[in-house]
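Here's the structure we're looking at; comments come further down.
For reference, positions follow the sequence shown, starting with 1.
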Amino acid sequence: MGCFFSKKSKSNSVPLGNNTDEAPKQYSWDKREKADPKDYTLTGLKDITVGRLPGTLNGKPFVIQDCVNCNIFVLDHSATISIDDCVNCRIVFGPVKGSVFFRDCKDIKCVVACQQFRARDCKKMDVFLCCATQPIIESSTGMKFGCFQYYYPELAFHFKDAGLSIFNNNWSNIHDFTPVSGENNWSLLPEDAKVADFVPAPDPESDFKSVRISTEADRSIVPLTKGGRRKDSEESCLFVFFAGDYTTANARKLIDEATSKGFVLVQTKEVSMKPEDARRVFQNSADDLVEWINKGPVTALELNGDGAVEGCKTIASEVFSGTKIFVSDNKNTSTRDVDSFFNFADMQMGL
C-alpha cells in the first residue's frame with residue numbers, strides 16, 4: 001500500500017517551526033554529560049596517593065599542578081598531560097596520544113608513555129620513558145632517562161587507543177634546547193635501573209589495589225632496549241617481521257629467544273614502507289618482499305652480540321619457519337642492514 005495525501009490535509013498543514021506543541025529539538029551536544037573539570041585535574045595535593053583508574057579518562061586531557069610528595073597513578077589513556085610546579089612526586093602515566101609537558105618541577109620520578117615528551121625549567125627528574133618522537137628538555141638540569149618498564153592488564157589496549165606503537169621508543173635520543181658548554185643537563189639511568197626502586201607500587205589500601213601492576217622488565221608492555229648506550233659487540237643483526245595477526249607476539253617471542261641466548265635488544269621500530277623504500281633498504285632481497293611491504297607496517301629489531309647473525313638465523317629457522325621474515329644474511333653485511341633500515345625509519349618519523 002502506497003502513501004497518499006489528500007488536498008484537505010495539505011491545506012490544513014502547519015508551516016514548519018510554528019507548531020508550539022512540538023518538543024524543543026535536542027542536539028547531541030545537549031545530551032552529552034557535562035564534564036566536571038575536577039575529574040581531569042589534580043591540584044594542590046600533599047602527602048597522598050591519588051590518580052585515575054582505567055576507564056575514567058578515556059582520551060581526555062589531564063592537568064596536575066602544585067602537588068608535593070604525592071604518588072600519582074594515571075592508569076588510563078589521555079589526550080595530553082601537563083604537570084606544573086610539582087615537587088618530590090612519584091608519577092605513572094598510561095599512554096598519552098599527544099604531549100606530556102613538565103614545567104617548573106623538581107625531584108620527580110616517573111613512568112611515561114607518550115607521542116611527545118617535553119620538560120622546561122625542571123630539576124632532578126628520573127624518567128622511564130616510551131616516546132614516539134625525540135624527547136625535548138629546555139632550561140632543565142639533572143635529567144635522567146631509562147627505558148619504559150611497566151605493565152597493567154589494560155595497558156596494551158591503552159597504547160592502541162592512544163595511537164602509540166610499543167616498538168617506536170626514542171627514550172634515549174634526547175634533544176637539549178639549552179645546552180651549557182662543558183656541562184651535561186641529562187644522562188641515562190644505569191642499565192640495571194628498576195622502576196620499583198624509583199616509583200613504588202600503590203599502597204595496598206589505596207583505590208589502585210584492584211589494578212594488577214607489574215614493574216618487572218620481562219613483563220613490560222614495551223620491549224626493554226639498550227637505546228643510545230654503547231654496544232657491547234661490533235656485531236648486530238637486523239630482524240624484520242611483516243604485517244600480520246601475530247606480528248607483536250612473534251616479535252616478543254624473538255626477544256625472549258634472543259635474550260635467552262645472551263643477545264641484547266638495542267632498538268625497535270614499526271614503520272610503513274613503499275616498494276621503492278624496500279629496494280633501498282633490503283637491496284637484493286627486495287623483490288621477494290614487495291608484496292609483504294604492501295600488507296602494512298613492518299616491525300624491525302636490532303639484536304647485538306658476538307654471533308648475533310648466526311644466532312638469529314638459527315632462531316628464524318627453528319621458531320619462525322612458517323613466518324615471512326627478513327634476517328641479516330651474514331655479519332659482513334649486517335651492519336649495513338641495520339644502518340639502512342633504522343636511518344630510513346628515523347627519516348620517515350622525522351627524527
**OP:** Could you check Asp306 against Lys331 for salt bridge (Lys or Arg N to Asp or Glu O under 4.0 Å), going step by step and ending with a plain yes or no?
**Re:** CA-CA 10 Å; Asp306 294 343; Lys331 67 178 185 179; over 6 Å; no

Original post:
When you look at Asp104 and Lys123, which way does the side chain to side chain contact (heavy atoms under 4.5 Å, CB included) test go after all the steps?
Top reply: CA-CA 8 Å; Asp104 299 290; Lys123 291 179 182 175; over 6 Å; no

Original post:
Step by step, would you call Lys261 with Glu257 a salt bridge (Lys or Arg N to Asp or Glu O under 4.0 Å)?
Top reply: CA-CA 7 Å; Lys261 293 179 185 295; Glu257 294 282 340; 5.3 Å; no

**OP:** Test Leu129 against Phe148 for side chain to side chain contact (heavy atoms under 4.5 Å, CB included), laying out the working first.
**Re:** CA-CA 4 Å; Leu129 181 63; Phe148 183 102; 5.7 Å; no

**OP:** Dump the intermediate steps for side chain to side chain contact (heavy atoms under 4.5 Å, CB included) on Cys110 and Met125, then the final yes or no.
**Re:** CA-CA 8 Å; Cys110 58; Met125 286 184 60; 4.2 Å; yes

**OP:** Begin from the C-alpha positions of Phe128 and Trp171 and carry the test side chain to side chain contact (heavy atoms under 4.5 Å, CB included) through to its verdict.
**Re:** CA-CA 8 Å; Phe128 289 88; Trp171 66 269; over 6 Å; no

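For Asp277 (side chain) and Lys274 (main-chain N/O), a donor-acceptor pair under 3.5 Å exists by modelled atom type. Without hydrogens or angle criteria, Ser140 side chain to Glu138 main chain gives a donor-acceptor distance under 3.5 Å. Side-chain N or O atoms of Asn304 include none that pairs as donor or acceptor with a backbone N or O of Val264 at under 3.5 Å. No donor-acceptor distance shorter than 3.5 angstrom exists from the side chain of Asn343 to the backbone of Ser340, with no hydrogens or angles considered. Within the 3.5 Å criterion, the main-chain N or O of Ser236 finds no donor-acceptor partner in the side chain of Thr335. Not a single donor-acceptor pair under 3.5 Å links the side chain of Thr225 to the backbone N or O of Gln267. Put simply, the side chain of Glu270 never gets that close to the backbone of Pro297: no donor and acceptor are under 3.5 Å apart. Of the possible polar contacts, none joining the Asn168 side chain to the Ala132 backbone as a donor-acceptor pair under 3.5 Å is found. A donor-acceptor pair under 3.5 Å links the side-chain atoms of Arg52 to the main chain of Asp39, judged by distance alone. Proximity of a side-chain donor or acceptor of Thr178 to a complementary backbone N or O of Ser139 within less than 3.5 Å is detected.
Of the candidates Tyr152, Phe208, Tyr150, Phe93, Phe73 forms a ring pair (Phe, Tyr, Trp, His ring centres under 6.0 Å) with just one, namely Phe208. Applying side-chain contact (heavy atoms from CB on, under 4.5 Å) to Cys70 and the options Val87, Leu45, Thr49 leaves one that passes, Leu45.
His158 has its side chain out of reach of Leu164: every pair of non-hydrogen atoms, C-beta onward, lies at least 4.5 Å apart. A 4.5 Å side-chain heavy-atom check between Asn71 and Asp203 finds every atom pair outside the cut-off. Met273 places a side-chain heavy atom less than 4.5 Å from the side chain of Phe344. Contact of the Cys122 side chain with the Ile108 side chain is not registered, since no non-hydrogen atoms from C-beta on lie closer than 4.5 Å. At least one side-chain heavy atom of Ser82 sits less than 4.5 Å from a side-chain heavy atom of Arg103. At least one side-chain heavy atom of Leu289 sits less than 4.5 Å from a side-chain heavy atom of Lys324. Inter-residue side-chain proximity for Arg279 and Asp287 is flagged as met; some heavy-atom pair is nearer than 4.5 Å. In this structure the side chain of Phe342 reaches within 4.5 angstrom of the side chain of Lys269, judged on heavy atoms.
Inspection of the Arg90 and Asn69 side chains reveals an N or O donor paired with an N or O acceptor under 3.5 Å. Gln134 and Asn170 share no donor-acceptor pair across their side chains, judged by distance under 3.5 Å alone.
One finds no salt bridge joining Arg280 and Glu276 here, because no Lys/Arg side-chain nitrogen approaches an Asp/Glu carboxylate oxygen to under 4.0 Å. Between Lys313 and Asp329, at least one side-chain nitrogen of the basic residue sits less than 4.0 Å from a carboxylate oxygen of the acidic one, meeting the salt-bridge criterion. Of the charged side-chain nitrogens involved, none lies within less than 4.0 Å of a carboxylate oxygen, so that Asp76 and Lys60 do not count as a salt-bridged pair. Ion pairing of Lys231 with Glu302 is present here, as a side-chain N (NZ or NE/NH1/NH2) and a carboxylate O approach within less than 4.0 Å. The pair Lys109-Asp126 meets the salt-bridge criterion, with a side-chain N (NZ, NE, NH1 or NH2) lying under 4.0 Å from an Asp/Glu carboxylate O.
The 12-atom threshold is exceeded at CG of Asp47, counting heavy atoms of other residues, nucleotides or ligands nearer than 6.0 Å. Within 6.0 Å of the CD atom in Gln283, the count of heavy atoms belonging to other residues, nucleotides or ligands exceeds 12. The number of heavy atoms from other shown groups lying within 6.0 Å of NZ (Lys106) does not exceed 12. A 6.0 Å sphere centred on CG of Asn58 holds more than 12 heavy atoms belonging to other residues, nucleotides or ligands.
Distance OG1/Thr248 to CD1/Ile166: 5.0 Å, rounded to 0.5 Å. Note that CD1 of Ile213 and CZ of Arg219 are 11.5 Å apart. Values are rounded to the nearest 0.5 Å. Note that OG of Ser187 is 10.0 Å distant from CE of Met143, once rounded to the nearest 0.5 Å. Distance check: Asp207 CG to Leu75 CG gives 11.0 Å after rounding to the nearest 0.5 Å. The distance from atom CZ of Arg120 to atom CZ of Phe101, rounded to the nearest 0.5 Å, is 4.0 Å. Atoms SG and NE2, on Cys114 and His77 in that order, are 15.5 Å from each other to the nearest 0.5 Å.
Minimum interatomic distance between Ser317 and Ser321 (heavy atoms only, all atoms of both residues): O-CB, 3.4 Å. Closest heavy-atom contact between Phe241 and Ala251: CE1-CA, 3.7 Å. Between Ser172 and Gly228, the shortest heavy-atom contact is OG-N, 2.8 Å. The two atoms that bring Ile137 and Asn185 nearest to each other are CD1-CB, 4.2 Å, heavy atoms only. Here the closest non-hydrogen pair linking Asn169 and Cys130 is OD1-CA, 3.0 Å. Taking all atoms of both residues into account, the shortest heavy-atom contact from Cys147 to Leu224 is CB-CD1, 3.6 Å.
Residues Phe159 and Met349 do not share a hydrophobic cluster, clusters being chains of Ile/Leu/Val/Met/Phe/Trp/Tyr side chains in contact below 4.5 Å. With hydrophobic clusters built from ILVMFWY side chains whose heavy atoms lie under 4.5 angstrom apart, Leu303 shares a cluster with Val319. Hydrophobic clustering places Phe326 together with Val298 (ILVMFWY residues linked when any side-chain heavy atoms are closer than 4.5 Å, directly or through intermediates). Leu265 and Phe263 end up in different hydrophobic clusters when Ile, Leu, Val, Met, Phe, Trp and Tyr side chains are linked at under 4.5 Å. Residues Trp292 and Leu301 do not share a hydrophobic cluster, defined by chaining ILVMFWY side chains whose heavy atoms lie under 4.5 Å apart.
Classified by interplanar angle (parallel below 30°, tilted 30° to 60°, perpendicular above 60°), the ring pair Phe117/Phe145 is perpendicular. Classified by interplanar angle (parallel below 30°, tilted 30° to 60°, perpendicular above 60°), the ring pair Phe239/Phe320 is perpendicular.
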